[in-house]
Amino acid sequence: MRKTNDKSLKEAIEQMLNVYKIKRRYDETAIVSLWPDLVGKSVANRTKELFIRDKKLFLRIESSVIKNELVLMRNQIIQKINEDAKTELVVEIVFL
């Protein structure tokens, strides 16, 4: 029998992330780890640097052809990232 103040593990973890104000950083790290699923293994293998700072996704791509394709798909990538995060995590992509 559950008590009134019992919480599921998921609820407790989410509350902890919000209390310590690390929810956003946790979401950013999750997106970085899911990068191969978002863009595919071939693009992920050619991604040399990837990080999020101030709602900007910074990418360093070694192939100019893939970089050009990503520039054209910029809005779709941002939309996909924000859908996965269920919040507005990225508003711009910057290519280094």
Side-chain angles (χ1 to χ4, degrees):
M1 184 155 57
R2 291 184 72 159
K3 297 180 183 176
T4 57
N5 62 350
D6 285 350
K7 296 179 182 175
S8 69
L9 185 57
K10 180 181 177 182
E11 292 169 341
I13 290 173
E14 286 182 10
Q15 183 181 9
M16 181 201 63
L17 291 173
N18 289 329
V19 165
Y20 289 106
K21 297 179 179 150
I22 55 175
K23 173 97 170 98
R24 180 164 187 79
R25 186 70 182 141
Y26 175 79
D27 290 340
E28 291 173 356
T29 305
I31 293 302
V32 170
S33 67
L34 290 175
W35 183 246
D37 296 332
L38 290 170
V39 295
K41 285 186 178 183
S42 60
V43 175
N45 288 339
R46 288 179 174 70
T47 304
K48 292 298 180 190
E49 196 172 347
L50 167 72
F51 61 93
I52 299 173
R53 185 169 297 135
D54 298 327
K55 292 190 175 186
K56 294 179 185 175
L57 174 66
F58 292 87
L59 293 172
R60 184 179 311 275
I61 307 291
E62 69 179 19
S63 169
S64 61
V65 175
I66 292 177
K67 183 177 179 181
N68 188 37
E69 289 295 320
L70 292 177
V71 167
L72 297 175
M73 296 175 49
R74 183 180 304 204
N75 291 331
Q76 292 135 341
I77 294 170
I78 291 171
Q79 182 180 6
K80 202 172 194 182
I81 289 171
N82 291 335
E83 284 174 5
D84 284 356
K86 297 180 180 126
T87 184
E88 188 178 52
L89 196 60
V90 175
V91 295
E92 183 180 351
I93 297 178
V94 177
F95 293 94
L96 304 173

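Quick note: residue numbers are just sequence positions, from 1.
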Enquirer: Which pairs with one or both residues in residues 34-45 pass side-chain hydrogen bond (donor to acceptor under 3.5 Å, both in side chains), sequence neighbours excluded?
Expert: W35-T47
Enquirer: Which residues pass the side chain to side chain contact (heavy atoms under 4.5 Å, CB included) test with Q79, sequence neighbours left out?
Expert: E83
Enquirer: Quick check: is L96 connected to I52 through a chain of hydrophobic side chains (ILVMFWY, heavy atoms under 4.5 Å apart)?
Expert: no
Enquirer: Under the side chain to side chain contact (heavy atoms under 4.5 Å, CB included) rule, collect the residues that match up with M73, sequence neighbours excluded.
Expert: Q76, I77
Enquirer: Give me each pair satisfying ring pair (Phe, Tyr, Trp, His ring centres under 6.0 Å) with a member in residues 36-69, each pair once, sequence neighbours excluded.
Expert: F51-F58
Enquirer: Run the side chain to side chain contact (heavy atoms under 4.5 Å, CB included) test against K21 and tell me which residues pass, sequence neighbours left out.
Expert: none
Enquirer: With respect to L57, which candidate in I78, V91, L89, I81 satisfies the side-chain contact (heavy atoms from CB on, under 4.5 Å) definition?
Expert: I81
Enquirer: Determine, using the 4.5 Å side-chain heavy-atom cutoff (strictly less than), whether I66 and L50 are members of one ILVMFWY cluster.
Expert: yes
Enquirer: Which heavy atom in A44 sits nearest to a heavy atom in P36, and how many Å separate them?
Expert: CB-CA, 3.6 Å
Enquirer: Can I get a per-line list of side-chain donor-acceptor pairs under 3.5 Å for residues 25-32, giving both atom names and the distance, sequence neighbours left out?
Expert:
unit_1	atom_1	unit_2	atom_2	d
R25	NH1	E28	OE1	3.2
D27	OD1	K23	NZ	3.4
T29	OG1	R25	O	2.9

Enquirer: If a pair satisfies ring pair (Phe, Tyr, Trp, His ring centres under 6.0 Å) and one of its residues is in residues 75-96, list it, with sequence neighbours excluded.
Expert: none
Enquirer: Supply the members, apart from V65, of the Ile/Leu/Val/Met/Phe/Trp/Tyr cluster built from side-chain contacts under 4.5 Å; use none for a lone residue.
Expert: none
Enquirer: To the nearest 0.5 Å, what is the distance between CD1 (I22) and CZ (R24)?
Expert: 14.0 Å
Enquirer: Among residues at least two apart in sequence or on other chains, which ones pass salt bridge (charged side-chain N to carboxylate O under 4.0 Å, His left out) with E88?
Expert: K55
Enquirer: Do L72 and V94 share a hydrophobic cluster (ILVMFWY, side-chain heavy atoms under 4.5 Å, transitive)?
Expert: no
Enquirer: Tell me, please, which residues at least two apart from R60 pass side-chain hydrogen bond (donor to acceptor under 3.5 Å, both in side chains).
Expert: E49
Enquirer: Output every pair passing side-chain hydrogen bond (donor to acceptor under 3.5 Å, both in side chains) with a member in residues 61-75, not counting sequence neighbours, ordered by first then second residue.
Expert: K48-E62
